[in-house]
Amino acid sequence: MGNSALVDYTKLSPNCSPRTQKITKITPHHMSGNLSVETCGDVFAPPSRKASSNYGVGSDGRVSMYVPEDKRAWTSSSAYNDQRAVTIETANSQCGEPWPISDAAWSTLVDLCVDIVRRNPGIVRADGKTPGLNYTGDKYGSLTKHKMYANTDCPGTWLDEHMKELERAVNAKL
C-alpha cells in the first residue's frame, strides 16, 4: 500500500481512525473554495474540526497528504465509504457554481488516482479483476461521491459532471 510519491506537502490531521477495510474506492471531493494545500491542511488540523481527507490537490497541481492511506480519513459522512476509500479534496479554481477546477488540478487528480490504483489492487474496473476505476453512479462502484452518502452538493457540479471522464482518463493511463 504505502502513500503517494506525488506528495509535495504533508500536514497530518488528528482527525482519523484505524482503517479496518481493504481500500476498494477513491472518492474525490471539492474544497468549496480555492484553498492552497497548506490552507486545507490548516482546516483539518484542529481536533474540533472532526474532518479530514487522505490527500488534497491545489489549483496549482500540488499534492498534499493529511491522513496516510493506512488510516481512515473522516471525509464522506460515511464510515462505510471512508473505511474503503482514499479521499481527495480538490481545490476549486472559482468559488461558486459550477465549482470548476483548474487544468493543473485536473491533471494532478488523474495522476494521483492512477498512482492510488496502482498501489491498491482492490480498486478495480467493472469486471472485478482489472485495476482501475468503475464509476457506476452509485455507491457500488470504485469511484464514489460524497453526495452518495450525505445531503451535500460535494463534489460540486463540475466534478460531478466529470466523474465518467475521470474514470476514462485514469483507466487510459493505467
Side-chain angles (χ1 to χ4, degrees), residues 1-13 16-31 37 40-41 44 52-76 78-91 101-146 148-149 154-156 158-174:
M1 183 191 323
N3 298 304
S4 179
L6 301 175
V7 171
D8 298 299
Y9 173 78
T10 300
K11 183 164 189 171
L12 297 180
S13 172
C16 59
S17 51
R19 189 181 289 278
T20 61
Q21 300 294 318
K22 179 179 171 183
I23 294 172
T24 58
K25 300 176 181 294
I26 295 176
T27 308
H29 298 257
H30 80 123
M31 292 182 188
V37 294
C40 189
F44 292 146
S52 60
S53 70
N54 296 105
Y55 295 104
V57 175
S59 287
D60 58 2
R62 293 173 57 227
V63 176
S64 55
M65 182 175 65
Y66 310 120
V67 174
E69 287 183 36
D70 66 345
K71 294 189 177 172
R72 170 199 167 205
W74 301 344
T75 321
S76 306
S78 165
Y80 172 87
N81 189 65
D82 289 343
Q83 283 291 358
R84 292 161 177 80
V86 174
T87 59
I88 306 166
E89 288 285 344
T90 310
I101 67 172
S102 69
D103 290 344
W106 174 259
S107 179
T108 298
L109 177 62
V110 169
D111 289 345
L112 182 57
C113 288
V114 167
D115 178 61
I116 292 165
V117 170
R118 283 186 175 145
R119 290 179 296 97
N120 292 281
I123 303 173
V124 295
R125 299 180 197 200
D127 66 8
K129 299 175 188 172
T130 308
L133 293 180
N134 176 29
Y135 179 67
T136 60
D138 59 28
K139 65 182 179 179
Y140 300 106
S142 60
L143 182 60
T144 56
K145 301 181 288 193
H146 187 176
M148 293 173 175
Y149 301 96
C154 185
W158 195 92
L159 269 174
D160 193 18
E161 292 175 352
H162 287 81
M163 294 296 272
K164 202 66 176 162
E165 185 178 342
L166 180 59
E167 172 196 56
R168 284 190 297 270
V170 168
N171 291 346
K173 282 196 165 195
L174 287 167

Stepwise side-chain hydrogen bond (donor to acceptor under 3.5 Å, both in side chains) check, D82 with S76: CA-CA 6 Å; D82 289 343; S76 306; 2.8 Å; yes
Side chain to side chain contact (heavy atoms under 4.5 Å, CB included) between N134 and V124, intermediate numbers included: CA-CA 7 Å; N134 176 29; V124 295; over 6 Å; no
T75 vs T87, side-chain hydrogen bond (donor to acceptor under 3.5 Å, both in side chains): CA-CA, chis, key distance, verdict: CA-CA 7 Å; T75 321; T87 59; 2.9 Å; yes
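Shortest non-hydrogen contact noted between S52 and S13 is CB-OG, 3.7 Å. Nearest heavy atom pair, residue V67 against residue C16, reads CG1-CB, 3.7 Å. The heavy-atom pair separating R72 from A79 by the smallest distance is NH2-CA, 3.4 Å. S59 approaches A104 most closely through the heavy-atom pair O-CB, 3.5 Å.
By the 4.5 Å heavy-atom criterion applied to side chains, K22 and R84 are not counted as neighbours. At least one side-chain heavy atom of N3 sits less than 4.5 Å from a side-chain heavy atom of E69. Proximity of S53 to T27: side-chain heavy atoms (C-beta onward) are nowhere separated by under 4.5 Å. S4 is listed as a side-chain neighbour of L112, based on a closest heavy-atom distance under 4.5 Å. Within the 4.5 Å cutoff, the side chain of R19 has heavy atoms near those of the N54 side chain. Counting heavy atoms from C-beta outward, K139 and N81 have side chains that stay 4.5 Å or more apart. A 4.5 Å side-chain heavy-atom check between Y55 and V7 finds at least one atom pair inside the cut-off. You'll find the side chain of M65 reaches within 4.5 Å of the side chain of L12, heavy atoms only.
Residue I123 holds its CD1 atom at 4.0 Å from CD1 of I26, rounded to the nearest 0.5 Å. With rounding to the nearest 0.5 Å, the separation of CD in E89 from NE2 in H146 is 9.0 Å. In this structure, OG1 in T20 is found 14.0 Å from NZ in K71, a value given to the nearest 0.5 Å. For the atom pair CG (D115) and CG (L6), the distance works out to 5.0 Å, reported to the nearest 0.5 Å. In this structure, T90 OG1 and M31 CE are separated by 6.5 Å, a value rounded to the nearest 0.5 Å. We find the CG-OG1 distance between D8 and T108 to be 8.0 Å, quoted to the nearest 0.5 Å.
By the 6.0 Å contact criterion, CG on D103 is open, its count of non-hydrogen atoms from other residues, nucleotides or ligands being 12 or less.
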Would you list the atom pairs, donor with acceptor, under 3.5 Å between side chains in residues 165-174 and any protein atom, with sequence neighbours excluded?
{"residue": "E167", "atom": "OE1", "partner": "K164", "partner atom": "NZ", "Å": "2.9"}
{"residue": "E167", "atom": "OE2", "partner": "Y135", "partner atom": "N", "Å": "2.9"}
{"residue": "N171", "atom": "OD1", "partner": "L133", "partner atom": "N", "Å": "2.8"}
{"residue": "N171", "atom": "ND2", "partner": "L133", "partner atom": "O", "Å": "2.9"}
{"residue": "N171", "atom": "ND2", "partner": "E167", "partner atom": "O", "Å": "3.4"}
{"residue": "K173", "atom": "NZ", "partner": "D111", "partner atom": "OD1", "Å": "2.6"}

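Between W106 and W158, the ring planes are perpendicular. Angles over 60° get that label, and only those under 30° would be called parallel.
Listed by chain and residue number, Y66 satisfy the side chain to side chain donor-acceptor pair (under 3.5 Å) test with S64 (two or more places apart in sequence, or in another chain).
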